[in-house]
Engineer: 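Got a structure here, written out as structure tokens. Questions coming.
A quick note: this is a predicted structure, and the numbers were derived from the prediction, not measured. Count residues from 1 along the sequence.
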Amino acid sequence: MASTRRLSSTLEMTSTKQPASRRGSERRPPDRRGSGYSPGQSRRPSIDPSRLIPMDKTTHVGGTNDFNVVFIGAGNIMFGSDEGPWNHSFRFEHKLGLRLKVVALIDPAIERATAVLQKKCDSFVISAYQATRVFKTLEDFVKNMSQKDRPRAIVVGSPPMFRGTLQPGRDIEMQILKYFPGVAIFMEKPIATGPKHELEQSFQISKAISDSGAICSVGYMLRYLKAVQKMKQIIQENGLTVMVTIARYACAYEAIAKPDWWDKSKSAGPVIEQGTHFCDLSRYFGGEVDIASVAAHSLDWDENAGHLSKVQVDESKIAPENRIPRVTAATWKYDSGAVGSFIHTVTLQGHNYSCELEVHADGYSLKLVNPYVQPTLYVRKPGDDHEQMYTFPDDDPFFSEVSNWIDIIEDIEEDPEAAQILSSYEDACRTYELTWAIREASERSRATRLAASKAAATVFEEEGEAE
């Protein structure tokens, strides 16, 4: 049997600088501002990995004029926490330097917003925040805004349950388009976590953003990993056709102490809220998904194999129908004919997650391991049964996505190989649609299984009574 032993040598990549009817053929032509593609074109936009420059090796964007930004949300994604590497403000400070001026911080939790703002003002980046004002709503900011405070860009890091719809109070995108038409938008993912019937509203928002001409990027930062772009490069340079994507996401549940995360009615469930990154990467390589083909099964909290010993919240306070599954396994067909699979597990303890993505084509296996902490790529090619290993030191996809977005706002280059937005709002809607399809398919499977079990129990009881 052919050996699968990995090469001991390591190659380091360093830089010198909707419903089921929606098909991929409905996408718009591509440009630097988004990730659409024209009919019949399977290639998604990509960036030469050598152009993804580490944050500590980049230079601030040139110019002397202020770059006004509005931050919506004063939580962890915007200002960081001990739970992970996210911290958008940190990346903006490094990208824009002294030009950065955060003109407003929008968050209904005024006390929290004021506290994080004070920490910034007590640091070396005071110039970006010394004139920042805190408001409960975007409308409040607009009412009190002077012309010199008008933003060039708006960053949305508020919880997903408050965006992605046309409902008042959960329609931040439409508010931005109303008050600041054409202003660039950076939106965190997932785009929403509302009920499934609101999905169509997300697609309507996508069209409104596209029609407005606003430069919009959604924070699927794993697309900006050097490892991911190396995978795209190998596929494109060798003219490969993807045959299958295999994604696995195992979270460390012991470290998740937020009650809302364990409640599907609030977080929409782990596939939508957490597994969204790997469903998105699967689409990035596999193309559009035939939503009607999605099938899924789950292991749930009330099954013998679904018992967890170190849950940090009291699940008895969550309605039984809203408790999250422990395992969700899904498969689907892509429009291209390729096959996709995804498995999400709530099984690990401790703090570190275990995540992998495999992409296979004729003669090739591309395996991405540990993308969140230390991305490593294993490549097997025709003519060699051994895997070649690539590592990517000092890569920061959070910075790369912000850096590319700002370069496009500034219109720094017209080079076709220059900065590109790799995830548009429309693309994010399609990932959101896939995650909902997986959740619904697993719930249908569970309902069928429970109904069959109940029917069998009824027959057993009737037979016993007859005796």
Side-chain angles (χ1 to χ4, degrees), residues 15 17 30-35 45-73 77-80 85-105 120 125 127-129 132 149-157 173 176 180-189 209 212-226 229 394-425 427-428:
S15 173
K17 288 197 70 155
D31 60 32
R32 291 175 65 207
R33 297 175 171 229
S35 60
S46 58
I47 302 171
D48 183 333
S50 68
R51 288 179 174 268
L52 298 174
I53 304 171
M55 186 166 62
D56 62 343
K57 292 182 174 60
T58 191
T59 56
H60 299 314
V61 176
T64 56
N65 58 313
D66 291 344
F67 193 105
N68 289 352
V69 178
V70 169
F71 285 166
I72 300 178
I77 190 67
M78 200 72 78
F79 292 100
W86 41 81
N87 186 333
H88 286 318
S89 61
F90 179 67
R91 274 79 180 188
F92 274 84
E93 292 153 14
H94 279 260
K95 177 66 177 180
L96 290 166
L98 294 175
R99 291 183 60 198
L100 175 64
K101 296 294 181 287
V102 179
V103 293
L105 176 57
K120 290 292 187 180
V125 293
S127 65
Y129 300 95
T132 305
D149 290 334
R150 187 170 182 81
R152 290 195 64 190
I154 298 175
V155 184
V156 181
E173 300 94 334
I176 293 171
F180 302 105
V183 170
I185 304 168
F186 183 91
M187 182 72 55
E188 256 312 313
K189 49 81 251 4
I209 291 174
S212 75
I215 299 170
C216 181
S217 178
V218 179
Y220 281 106
M221 78 288 178
L222 294 183
R223 292 191 178 203
Y224 294 85
L225 279 172
K226 286 185 179 181
Q229 291 308 311
D394 303 320
D395 191 20
D396 182 353
F398 291 97
F399 178 74
S400 294
E401 66 177 352
V402 165
S403 179
N404 277 263
W405 181 60
I406 291 175
D407 284 351
I408 293 171
I409 296 171
E410 295 278 85
D411 198 23
I412 287 177
E413 296 184 79
E414 286 302 332
D415 180 349
E417 297 300 321
Q420 291 193 57
I421 288 172
L422 301 182
S423 181
S424 69
Y425 199 95
D427 217 353

Engineer: For a quick test of reading the model, state the closest non-hydrogen atom pair linking I209 to C216 and the distance between them.
Structural biologist: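 Distance-wise, the nearest heavy atoms are CG2-CB, 3.7 Å.
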Engineer: Using a strict 4.0 Å threshold on nitrogen-to-oxygen distance, state whether K95 and D407 make a salt bridge.
Structural biologist: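 Here K95 pairs with D407 in a salt bridge, since their nearest N and O are under 4.0 Å apart.
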Engineer: For the backbone of L225 and the side chain of D395, can you confirm whether one donor and one acceptor N or O come within less than 3.5 Å of each other?
Structural biologist: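 Side chain of D395 to backbone of L225, a donor-acceptor pair under 3.5 Å: no, none is there.
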Engineer: Roughly how far apart are E401 CD and S423 OG, rounded to 0.5 Å?
Structural biologist: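 Rounded to the nearest 0.5 Å, the CD-OG separation comes to 9.0 Å.
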Engineer: How close do A428 and V218 get, heavy atom to heavy atom, and via which atoms?
Structural biologist: CB-CG1, 3.7 Å
Engineer: Is R99 close to N65 at the side-chain level, that is, under 4.5 Å between some pair of heavy atoms?
Structural biologist: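 In contact.
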Engineer: Distance check, rounded to the nearest 0.5 Å: E173 atom CD versus I72 atom CD1?
Structural biologist: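 E173 atom CD to I72 atom CD1 measures 9.0 Å (nearest 0.5 Å).
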Engineer: Could you tell me if the side chain of Y224 sits less than 4.5 Å from the side chain of S403, heavy atoms only?
Structural biologist: no
Engineer: Does some side-chain heavy atom of H88 sit less than 4.5 Å from a side-chain heavy atom of I77?
Structural biologist: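 Yes, side chains in contact.
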Engineer: Could you go through N87 and F398, starting from their C-alpha distance and side-chain angles, then the distance that decides it, and tell me whether this counts as side chain to side chain contact (heavy atoms under 4.5 Å, CB included)?
Structural biologist: CA-CA 8 Å; N87 186 333; F398 291 97; over 6 Å; no
Engineer: Does R223 reach the main-chain N or O of L422 with its side chain, forming a donor-acceptor pair under 3.5 Å?
Structural biologist: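 Confirmed, R223 side chain pairs with L422 backbone.
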Engineer: Tell me if a side-chain donor or acceptor on S217 pairs with a main-chain N or O of I421 at a distance below 3.5 Å.
Structural biologist: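 No; judged by distance alone, with no hydrogens or angles, the pair does not exist.
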Engineer: Could you tell me if the side chain of V69 sits less than 4.5 Å from the side chain of V155, heavy atoms only?
Structural biologist: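 Of all side-chain heavy-atom pairs linking V69 with V155, at least one is under 4.5 Å.
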Engineer: With rounding to the nearest 0.5 Å, note down the distance linking CZ in R91 to CG in L96.
Structural biologist: 14.0 Å
Engineer: Do D396 and F90 touch side chain to side chain, with heavy atoms closer than 4.5 Å?
Structural biologist: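 Side chain of D396 against side chain of F90, heavy atoms only: no contact under 4.5 Å found.
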Engineer: For Q420 and P45, work out which heavy atoms get closest and say how close.
Structural biologist: OE1-CB, 3.2 Å
Engineer: So does M78 get a backbone contact from the side chain of S89, meaning a donor-acceptor N/O pair under 3.5 Å?
Structural biologist: yes
Engineer: I'd like to know whether F71 forms a ring pair (Phe, Tyr, Trp, His ring centres under 6.0 Å) with F92, so could you lay out the CA-CA distance, the side-chain angles of the two residues, the decisive distance to 0.1 Å, and finally the verdict.
Structural biologist: CA-CA 11 Å; F71 285 166; F92 274 84; 5.8 Å; yes
Engineer: Less than 4.5 Å apart, side chain to side chain, heavy atoms only: is that true for F67 and I409?
Structural biologist: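 The answer is yes; the side chains approach within 4.5 Å.
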Engineer: Please round to the nearest 0.5 Å and tell me the distance separating atom NZ of K189 and atom CG of D427.
Structural biologist: 15.0 Å
Engineer: Between OG of S212 and CD1 of I176, what distance do you get to the nearest 0.5 Å?
Structural biologist: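 S212 OG to I176 CD1: 10.5 Å, rounded to 0.5 Å.
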Engineer: Would you name the heavy atoms of V183 and P151 that are closest together and state the gap between them?
Structural biologist: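 Heavy atoms of V183 and P151 come nearest at CG2-O, 3.7 Å.
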Engineer: Less than 4.5 Å apart, side chain to side chain, heavy atoms only: is that true for K120 and F79?
Structural biologist: yes
Engineer: To the nearest 0.5 Å, what is the distance between CZ on F399 and NE2 on H94?
Structural biologist: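 Those atoms lie 8.5 Å apart.
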